[in-house]
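The structure appears right after this line, and notes come after that.
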Protein chains: 2
Amino acid sequence: MIERHLLKLRARDSLSAEEERAIRSAIGEVRDHQAGRTIIRANVELSESTLLLDGLLSRYKDLRNGQRQVTELHVPGDFADLHSFTLKRLDHDIMTLTPCRVATMSHENLKRITEEHPHLTRVYWFGTNLDAAIHREWEVSLGRRTAIARMANLFSELHVRLGIVGLTEGNSYRLDLTQLELSECLGLTSVHVNRVLRDLREQGAVEFRSGRVMIHDLPLLHRIAEFDPGYLYLEQRSR
Amino acid sequence: MIERHLLKLRARDSLSAEEERAIRSAIGEVRDHQAGRTIIRANVELSESTLLLDGLLSRYKDLRNGQRQVTELHVPGDFADLHSFTLKRLDHDIMTLTPCRVATMSHENLKRITEEHPHLTRVYWFGTNLDAAIHREWEVSLGRRTAIARMANLFSELHVRLGIVGLTEGNSYRLDLTQLELSECLGLTSVHVNRVLRDLREQGAVEFRSGRVMIHDLPLLHRIAEFDPGYLYLEQRSR
DNA sequence: CGTAACTTTGAAATAGCTCAAAAATTGTGG
DNA sequence: CCACAATTTTTGAGCTATTTCAAAGTTACG
């Protein structure tokens, strides 16, 4: 059930059997949500964090004029809101982009982990710091990269993150987003996303159709993106 | 010495005398740096975190074409790289924008804190989550806001953050940045920053001259920015 | 007091946006 | 499995916020 979560954690640090047991016993209820539901609202006091088991989640903020900016996408194995443990409430909403299965971990149980498992605490702290690193890379994309490089970056990032949890088939993966949703990640309009996708397709780098990303030339994609996976911290830390 | 750091922490959570003592005894060496120096380089293994006592620091990433994106500014009382404790290395550089005084806290001492002070650990974990919240708000600015709203947001954010640590004089504060440096925060060119600053000045909202921000109409500034300080988590959490 | 760094302004260029409509795809009830 | 409504994708044409390039002022300071 939490296999993908363990895969994600073990891609960066070792976990003892004891720690794995602690995680398993901290997990609570499992829930299913339909696509397109806001499952966590900003500014609501929270008493549990949500672990994504299956599906795609989006952290986003809406502006008054109706524009939306997605600040991070979550793939299976990610905590959607581990940060709510220390923040108590969120500054953004979280919604399902596809049908999702999630598990909860109460803040009470997380507190127990901080009291009994210092190393596991650091592993989870690392997890939220990884989210921040992803935010930073997105800031760079949004602030400085061209539309095509932003798109290429997003596809590259998801290729790595989904690969870690076994959700890629070689250079291809499911990504059930509309072009409008992509545009909300990239700070673009959906019309422009459409043109950028055509451009990437015609260059022979990637194809995005019917909810699937097919990378035809990974080095080219990385070149267009100026992609450096360093910010995903794939190396093993030694406790 | 670490008074501003304590002010920042206590704006969000209570600290026991014991915890304050633990922080004080974890602090190491104090160092001074000239303006314009990169004091922490991406991808270098780190064994200590850096607490900013005085001055302004910038987290930034450079692109191959020479463009730069700043991902966060740090004010006195902030840890510049508390995240290096769990990340071990950074995905970005950190430089001084003004002359700075910093103190170090070794990762060894931080590790001891995670083992002996679970609540203080959560307070520090909160600190890195606050940085992530700031990143998210910048993503929204960079992705969706107009140039003038971005500028107004940055001035509003710094007004709050500097206020917490006693570095504002009413609606005015020191901000020793060039227009080029501002543009690197906002994903704009320095030419456009210049025009936006004129616009804000002519509207009677803010004036930025000779390293000082003078807010003439705070409600107007907030209105232009669509500023909501919720993401700065100013309320007290109850342990 | 000279020089480097920074700010300001102008004019032309452009990446990405807006508006609008057509084409394709997907989902649904019968 | 079909028909059709809704959603999504695609394309076109004109527009605008911001950039680029260039040069002139201004400020800081060694």
Side-chain angles (χ1 to χ4, degrees), chain A residues 34-37 56 63 65-69 96-99 141-154 174-203 206-214 224, chain B residues 34-37 56 58 63 65-69 95-99 141-154 174-203 206-214 224:
Chain A
Q34 291 185 271
R37 294 282 188 280
L56 262 186
L63 297 186
N65 65 6
Q67 291 198 93
R68 171 169 297 180
Q69 181 63 48
T96 56
L97 296 175
T98 66
S141 276
L142 292 165
R144 292 297 181 201
R145 291 203 247 253
T146 61
I148 192 170
R150 285 184 218 183
M151 187 84 256
N153 250 279
L154 182 59
R174 273 264 57 243
L175 185 68
D176 223 334
L177 297 184
T178 65
Q179 294 181 10
L180 177 63
E181 289 162 339
L182 278 178
S183 77
E184 291 167 345
C185 295
L186 300 172
L188 302 169
T189 58
S190 63
V191 171
H192 200 60
V193 161
N194 183 274
R195 301 195 220 266
V196 165
L197 287 173
R198 171 170 24 125
D199 193 350
L200 284 168
R201 188 182 341 115
E202 286 174 356
Q203 285 192 50
V206 224
E207 208 172 336
F208 177 70
R209 319 196 323 265
S210 45
R212 175 161 287 278
V213 175
M214 285 160 289
I224 292 168
Chain B
Q34 292 185 271
R37 295 281 189 281
L56 263 185
S58 159
L63 297 187
N65 65 7
Q67 291 198 94
R68 172 170 295 182
Q69 181 62 47
M95 73 176 288
T96 57
L97 296 174
T98 66
S141 276
L142 293 165
R144 291 298 182 200
R145 291 201 247 252
T146 61
I148 193 170
R150 285 185 220 184
M151 187 85 255
N153 249 281
L154 181 59
R174 263 310 14 253
L175 186 68
D176 224 333
L177 297 185
T178 65
Q179 295 181 7
L180 177 63
E181 288 162 340
L182 279 178
S183 77
E184 290 167 345
C185 295
L186 301 172
L188 301 169
T189 59
S190 63
V191 171
H192 201 59
V193 161
N194 184 273
R195 301 194 222 265
V196 165
L197 287 172
R198 170 167 29 121
D199 194 351
L200 284 168
R201 185 180 344 111
E202 287 173 355
Q203 286 192 49
V206 224
E207 209 173 334
F208 177 70
R209 318 196 323 265
S210 43
R212 176 160 285 278
V213 175
M214 285 160 290
I224 293 168

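Judged as a side chain to side chain contact (heavy atoms under 4.5 Å, CB included), and not counting sequence neighbours, the contacts of T98(B) are L56(B), C100(B), D176(B). Under the side chain to side chain contact (heavy atoms under 4.5 Å, CB included) criterion, S183(B) pairs with R144(A), L180(B), S190(B), V193(B), not counting sequence neighbours. Q67(A) is linked by a side chain to side chain donor-acceptor pair (under 3.5 Å) to nothing, counting only residues two or more places apart in sequence or in another chain.
The closest donor-acceptor contact from the side chain of Q69(B) to the backbone of E184(B) lies under 3.5 Å. The backbone N or O of E181(B) sits less than 3.5 Å from a side-chain atom of T178(B), completing a donor-acceptor pair. Checking side-chain atoms of S58(B) against main-chain N and O of M95(B) turns up no donor-acceptor pair under 3.5 Å. No donor-acceptor pair closer than 3.5 Å links the side chain of R145(A) to the backbone N or O of R150(A).
At least one side-chain heavy atom of L182(A) sits less than 4.5 Å from a side-chain heavy atom of M151(A). Side-chain contact between R212(B) and E207(B) is absent, with no heavy atoms from C-beta onward closer than 4.5 Å.
Distance R209(A) CZ to dT10(D) C1': 15 Å, rounded to the nearest Å. Going from atom CG of D176(A) over to atom P of dT25(C) covers 16 Å, rounded to whole Å. In this structure, CG of D199(B) is placed 12 Å from C1' of dA17(D), rounded to the nearest angstrom.
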- Message: Within the 4.0 Å limit for protein heavy atoms, which parts of nucleotides 4-20 of chain C are touched? Write it as a string from 5' to 3', B for base, S for sugar-phosphate only, - for none.
- Response: --SSBBBB----BSBB-
- Counting primed atoms, P, OP1 and OP2 as sugar-phosphate and everything else as base, the B/S/- map of nucleotides 25-30 of chain D against protein heavy atoms under 4.0 Å is ------
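Defining each end axis of the helix from dC1(C)-dG30(D) to dG30(C)-dC1(D) as the rotation carrying four pairs' C1' atoms onto the next four, with five pairs an end, the two axes are found to diverge by 50° to 10 degrees.
Minimum heavy-atom separation, F208(A) to L197(A): CD2-CD1, 3.8 Å.
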